[in-house]
Amino acid sequence: MSKEKNYVDIFQILTETTRKTKKEKREELLAPLGIKEFFVDGKIAINKRICQGVECKLCIEACPTNALFWKSGEVGIVEDLCVYCGACVLSCIVDDCIKIMRKRESNKIESFSKPRDIIMLESQINTKKRFERVSDLFPKIEEYLKRYGRINIK
Ligand code: SF4
Ligand code: SF4
């Protein structure tokens, strides 16, 4: 086995261990709150230059996990408590002030930074769900034709 191969393996092990430790820590912190995680990973950032801070604090009130807090005249984040729900972005009075990127189990990445983004995202998800429900209710064209004997599908 080459030196380079050893290095890659060790790096991967370290990365996986860090990810596992982070996941365990999050589970421990979120368990007492009874909050389920829907996303496998994510990132949150607040642009302190455009945040209205002391006059606002709406995001802190909206956060269901207390991941946001007021500290030394600005909004602080405990990333380990953030479940990337988007409630803070929905309540923020400044577009692009809070930026969230989150990854679903399906590996789909979603990112948003203003209420309008979340509303559009929810609308897309609901449309997809509605389409899937309708598809489940009605037979596909091949099944329909097979059922009524118009074509022979083996
Ligand atoms: S995304 Fe949700 S959990 Fe994370 S800081 Fe915003 S409101 Fe809190
Ligand atoms: S809601 Fe937006 S503007 Fe208000 S304190 Fe939070 S990040 Fe700043």
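Heads up: numbering here begins at 1 and tracks the sequence. On a predicted model such as this, the values are computed, not experimentally measured, just so you know.
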Point to revise | I100 reachable from F39 in the ILVMFWY side-chain graph, under 4.5 Å edges | key: yes
Exercise for review: Inspect the surroundings of CZ in R116 and state if more than 12 heavy atoms from other residues, nucleotides or ligands are less than 6.0 Å away.
Suggested key: no
Exercise for review: State which residue, out of K25, K36, E37, fulfils the side-chain contact (heavy atoms from CB on, under 4.5 Å) condition with L30.
Suggested key: E37
Revision key, fill the gap. Cluster membership besides M101, Ile/Leu/Val/Met/Phe/Trp/Tyr side chains within less than 4.5 angstrom, sorted by chain and number, is I109
Exercise for review: Could you check C59, C63, C56 and say which one makes a side-chain contact (heavy atoms from CB on, under 4.5 Å) with V75?
Suggested key: C59
Check your understanding: Are any side-chain N or O atoms of T65 and backbone N or O atoms of L81, one a donor and one an acceptor, separated by less than 3.5 Å?
Key -> yes
Review point. Do W70 and V89 sit in the same hydrophobic cluster, where Ile, Leu, Val, Met, Phe, Trp and Tyr count as joined when their side-chain heavy atoms come under 4.5 Å apart?
Key: yes
Review point. Going by heavy atoms in the side chains, are I125 and E110 under 4.5 Å from each other?
Key: yes
Practice item. Check the pair V78, F69 against side chain to side chain contact (heavy atoms under 4.5 Å, CB included), reporting the backbone distance first and the verdict last. Key: CA-CA 8 Å; V78 184; F69 60 99; 3.6 Å; yes
Check your understanding: Is the backbone of G53 close enough, under 3.5 Å, to the side chain of E55 for a donor and an acceptor to pair up by distance?
Key -> no
Review point. With hydrophobic residues grouped by side-chain heavy-atom distances under 4.5 Å, do I118 and L68 end up in a single group?
Key: yes
Check your understanding: Taking T127 for the side chain and S123 for the main chain, is one N or O donor matched with an acceptor at less than 3.5 Å?
Key -> yes
**Study point:** Euclidean distance, I119 CD1 relative to L90 CG, rounded to 0.5 Å
**Key:** 6.5 Å
Exercise for review: Could you tell me whether E27 atom CD has more than 12 heavy atoms of other residues or ligands within 6.0 Å of it?
Suggested key: yes
Point to revise | Atom NZ of K108: over 12 foreign heavy atoms under 6.0 Å | key: yes
Check your understanding: What heavy-atom pair brings C92 and I98 nearest, and what distance separates the two atoms?
Key -> CB-CD1, 4.1 Å
Review point. Which atoms form the tightest heavy-atom contact between I50 and C97, and what is the distance?
Key: CD1-CA, 3.7 Å
Exercise for review: Search all heavy atoms of I35 against all heavy atoms of P64 and return the closest pair with its distance.
Suggested key: CD1-O, 3.7 Å
Practice item. Spell out, as yes or no, whether a donor-acceptor pair under 3.5 Å connects the side chain of R102 to the backbone of Y84. Key: yes
Practice item. For C82 and I44, work out which heavy atoms get closest and say how close. Key: SG-CG2, 4.0 Å
**Study point:** Same cluster (ILVMFWY, side-chain, under 4.5 Å), L33 and L29
**Key:** yes
Point to revise | Non-hydrogen atoms of R26 and E79 that approach each other most closely | key: NH1-O, 3.2 Å
Exercise for review: Check step by step if side chain to side chain contact (heavy atoms under 4.5 Å, CB included) holds for V94 and Q52.
Suggested key: CA-CA 8 Å; V94 185; Q52 296 299 302; 3.7 Å; yes
**Study point:** Trace of the side chain to side chain contact (heavy atoms under 4.5 Å, CB included) decision for I46 with I77
**Key:** CA-CA 9 Å; I46 296 181; I77 310 169; 3.8 Å; yes
Review point. Does NZ or CZ of K114 fall inside the cone over F112's six-membered ring, less than 6.0 Å from its centre and within 45° of the axis?
Key: no
